[in-house]
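Below is one structure; the comments refer to it alone.
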There are 2 protein chains.
Amino acid sequence: MRLESTLNGNTSANTSENARTHTFENPHPEPRTPTPRPGGRSARVRAEVVAATLAEVAEKGYDGLTVEAVATRSGVHKATLYRRWTGVDGLVADALTASADQSWPLPDTGDLREDLRRITREVFTVFTDPDLGATPTALILAAQRSDAGAAALRAFFTARHRQAAEVSERAVARGELPAGTDGAEVVRAATAPLYYRLFVTGEPLDAHTAERAADAAALAARAGLFTTAPPADPAPTANPAPTANPGPRKAS
Amino acid sequence: MRLESTLNGNTSANTSENARTHTFENPHPEPRTPTPRPGGRSARVRAEVVAATLAEVAEKGYDGLTVEAVATRSGVHKATLYRRWTGVDGLVADALTASADQSWPLPDTGDLREDLRRITREVFTVFTDPDLGATPTALILAAQRSDAGAAALRAFFTARHRQAAEVSERAVARGELPAGTDGAEVVRAATAPLYYRLFVTGEPLDAHTAERAADAAALAARAGLFTTAPPADPAPTANPAPTANPGPRKAS
DNA sequence: CTCGTAACGCGACTAAAGTCGCATTACGAT
DNA sequence: ATCGTAATGCGACTTTAGTCGCGTTACGAG
């Protein structure tokens with residue numbers, strides 16, 4: 001009985017391996033836990049596959065991404081890709097996980113609104129530039145397609161928001177924001193309108209919109225809307241009125 | 001030579017039909033334009049297929065949606081589904097287009113912040129309720145997967161934002177907001193943080209966040225951030241500083 | 001009502017995605 | 001260095017998605 005071990009960053013990718021193992025009817029189960037071999041060839045294979053996935057996604061978009069093409073480009077056999085990464089979804093999730101380790105500089109202008117403007121301008125610049133934006137766009141779209149991808153995306157953004165919270169922490173220290181401000185929420189408020197257009201509504205995004213989103217977030221933060229205390233207003237009433245829903249509805 | 005005609009709401013779905021026609025090498029081209037037959041059986045087929053698509057999406061999610069299953073559930077042959085709707089993407093786009101015709105009531109409390117709170121609370125309620133939210137969630141995710149779906153999604157949200165702009169128009173008339181406020185932008189600002197969590201970052205969404213998003217949008221609107229005039233600040237400098245990008249990056 | 005043909009159903013078929021059993025390679029522990 | 005076996009490559013194979021040619025049904029125009 002052959003057991004594939006769990007490799008770094010690929011816990012989800014080995015699910016089908018475990019599942020296959022469990023379906024093998026061995027009347028004498030071997031309780032021994034296999035020792036992972038994450039180094040050498042395995043590490044090289046992963047690096048080659050991640051690189052090939054990113055290249056394929058950048059070139060063909062998420063919809064054109066196939067296991068066959070990644071196999072060809074990476075020189076890794078497709079059986080390995082299916083075994084270790086389950087399929088396209090696992091490849092995307094792993095590529096995203098690999099991208100999450102990138103460090104990135106935070107703006108520090110001494111003014112919160114300007115910091116936020118720089119953040120939103122960068123998001124705008126990257127995602128509206130065909131060359132810069134192809135890979136991240138495709139990765140986000142691809143990641144949404146599966147539980148594994150969505151989990152990797154959540155981890156990615158959660159970490160990014162936590163890091164970017166520093167711009168608000170500095171503003172608090174400067175006395176620009178009230179103590180107890182949730183810095184990650186400030187960054188979310190600033191970037192959400194951009195990602196909303198880019199990835200939900202598909203409406204056009206311009207530099208002015210990016211700037212305005214930052215300004216609105218800064219204004220709200222200064223007004224104390226993002227303090228971790230609950231709002232001063234009473235809780236919603238127990239009888240919500242019929243309201244508008246801008247989302248799609250199930251057809252009757 | 002058989003030509004399939006363009007049907008209501010299915011212009012994208014007939015692309016492959018036209019493409020097939022064009023690839024047929026007929027030395028004597030027939031210049032006659034076929035007369036569409038959108039009524040009777042064709043209308044019944046469309047209704048059955050849209051209903052089946054919505055049911056399948058609600059039950060199995062966007063990832064479990066297959067042409068085969070829609071064909072089985074609707075009783076329409078899969079060859080027809082491929083011919084008329086091209087595939088899963090066309091089915092989703094059409095289901096979304098069919099959903100877009102639903103009318104929906106707007107809140108009118110006499111107070112902008114409360115109106116926006118009701119809108120965001122409704123979005124929150126629908127998308128966090130497993131029963132109410134399954135279909136719209138799956139439709140949005142599925143629509144993002146193709147150009148046709150994305151176009152339908154854009155049309156859907158653009159129309160919704162335009163309609164919801166009425167809450168701001170009323171606020172302007174009440175003297176609550178400055179003249180020239182872009183009402184659609186106000187609604188976008190209110191709802192974007194919700195959809196960002198739901199569909200981009202996958203982070204949890206609670207009622208407090210929904211409420212706060214409405215409050216921040218109302219605050220910014222009252223401050224005049226959404227007037228259609230450009231901002232009073234000078235344009236961005238010609239030399240942008242290196243800034244943070246909270247999106248994924250291409251691995252080096 | 002008739003008629004031309006758009007739209008559809010069908011089964012056979014092709015293409016693409018994914019799996020399996022076997023042999024080989026190479027990673028860690030000793 | 002040796003050894004057990006994790007990880008991989010391979011080709012054949014299965015499953016699922018999508019296509020094609022033909023005959024049938026039924027929609028509008030006249």
Side-chain angles (χ1 to χ4, degrees), chain A residues 1-8 10 13-21 23-24 30 32-49 60 63-72 74-91 145-146, chain B residues 1-8 10 13-21 23-24 30 32-49 60 63-72 74-91 145-146:
Chain A
M1 177 158 69
R2 213 172 13 93
L3 294 178
E4 298 286 352
S5 63
T6 300
L7 299 176
N8 285 339
N10 286 302
N14 285 334
T15 303
S16 66
E17 291 291 328
N18 295 334
R20 188 168 61 164
T21 305
T23 58
F24 181 67
E30 185 71 33
R32 187 179 59 91
T33 303
T35 306
R37 304 186 188 175
R41 184 178 64 168
S42 289
R44 270 198 317 279
V45 163
R46 188 198 176 200
E48 279 153 10
V49 168
K60 299 178 187 170
D63 218 41
L65 183 65
T66 63
V67 170
E68 188 82 50
V70 172
T72 300
S74 63
V76 175
H77 198 270
K78 76 168 174 171
T80 296
L81 299 190
Y82 280 111
R83 264 197 305 251
R84 193 164 157 187
W85 281 278
T86 306
V88 162
D89 296 337
L91 292 173
R145 286 168 54 171
S146 68
Chain B
M1 180 161 64
R2 223 173 1 98
L3 294 179
E4 298 287 355
S5 63
T6 301
L7 298 176
N8 284 339
N10 286 302
N14 285 333
T15 304
S16 65
E17 290 292 327
N18 296 333
R20 187 167 65 164
T21 304
T23 56
F24 181 67
E30 186 70 38
R32 188 179 57 93
T33 302
T35 305
R37 305 186 188 175
R41 184 179 63 169
S42 289
R44 269 197 320 277
V45 162
R46 187 197 178 201
E48 278 154 10
V49 168
K60 300 178 184 168
D63 218 41
L65 183 65
T66 64
V67 169
E68 189 81 53
V70 171
T72 300
S74 63
V76 176
H77 199 270
K78 77 167 174 173
T80 296
L81 298 191
Y82 280 112
R83 265 196 303 251
R84 192 165 157 189
W85 281 278
T86 306
V88 162
D89 296 335
L91 291 172
R145 285 168 56 171
S146 69

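Chain A is the first sequence line, chain B the second, and so forth, proteins listed ahead of strands; every chain is numbered from 1.
The shortest distance between the side-chain N/O atoms of Ser42(B) and the OP1/OP2 oxygens of dC8(C) is below 4.0 Å. At the phosphate of dG18(D), OP1 or OP2 sits under 4.0 Å from a side-chain N or O atom of Tyr82(B). Residue Thr35(B) places no side-chain N or O under 4.0 Å from the OP1 or OP2 atom of dG28(D).
Per the geometry, CD belonging to Glu48(B) stands 9 Å off P belonging to dG9(C), to the nearest Å. Atom CG in Leu81(A) sits about 9 Å away from atom P in dT8(D), given to the nearest Å. As rounded to whole Å, 15 Å separates atom P of dT24(D) from atom NE2 of His77(B). Rounded to an integer number of Å, the gap from Arg84(B) CZ to dG18(D) P is 18 Å. dG18(D) atom P lies 9 Å from atom CG of Asp89(B), rounded to whole Å. Rounded to a whole Å, the CH2 atom of Trp85(A) is 11 Å from the P atom of dA7(D). One interatomic measurement links the two molecules: CD of Glu68(B) to C1' of dA17(C), which rounds to 15 Å at whole-angstrom precision.
Annotation: side chain of Arg84(A) is in contact with side chain of Ser42(A) (closest heavy-atom distance under 4.5 Å). A 4.5 Å side-chain heavy-atom check between Arg46(B) and Trp85(B) finds at least one atom pair inside the cut-off. Counting only heavy atoms from C-beta outward, the side chains of Arg41(B) and Val45(B) approach each other to under 4.5 Å. Using a 4.5 Å heavy-atom cutoff, the side chains of Thr66(A) and Lys60(A) are not in contact. Here the side chains of Lys78(B) and Thr72(B) are not in contact, with every heavy-atom distance at 4.5 Å or above.
For Arg83(A) against dT19(C), no side-chain N or O and base N or O form a donor-acceptor pair under 3.5 Å. Between the side chain of Arg41(B) and the base of dA26(D), no donor-acceptor pair under 3.5 Å is found.
Where Gly75(A) and Thr66(B) meet DNA chain D, the nucleotide closest to each residue was compared, and Gly75(A) sits on the side nearer the 5' end. Of the two residues near DNA chain C, Lys78(B) and Ala43(B), the one whose nearest nucleotide lies more 5' is Ala43(B). Residue order along DNA chain D, read from the 5' end via each residue's closest nucleotide, puts Val88(B) first among Val88(B) and Arg44(B).
You'll find that the side chain of Arg37(A) is closest to dG28(C), out of dG4(C), dG28(C), dG18(C). Listed nucleotides: dT8(D), dG28(C), dG28(D). Nearest to the side chain of Val45(A): dT8(D).
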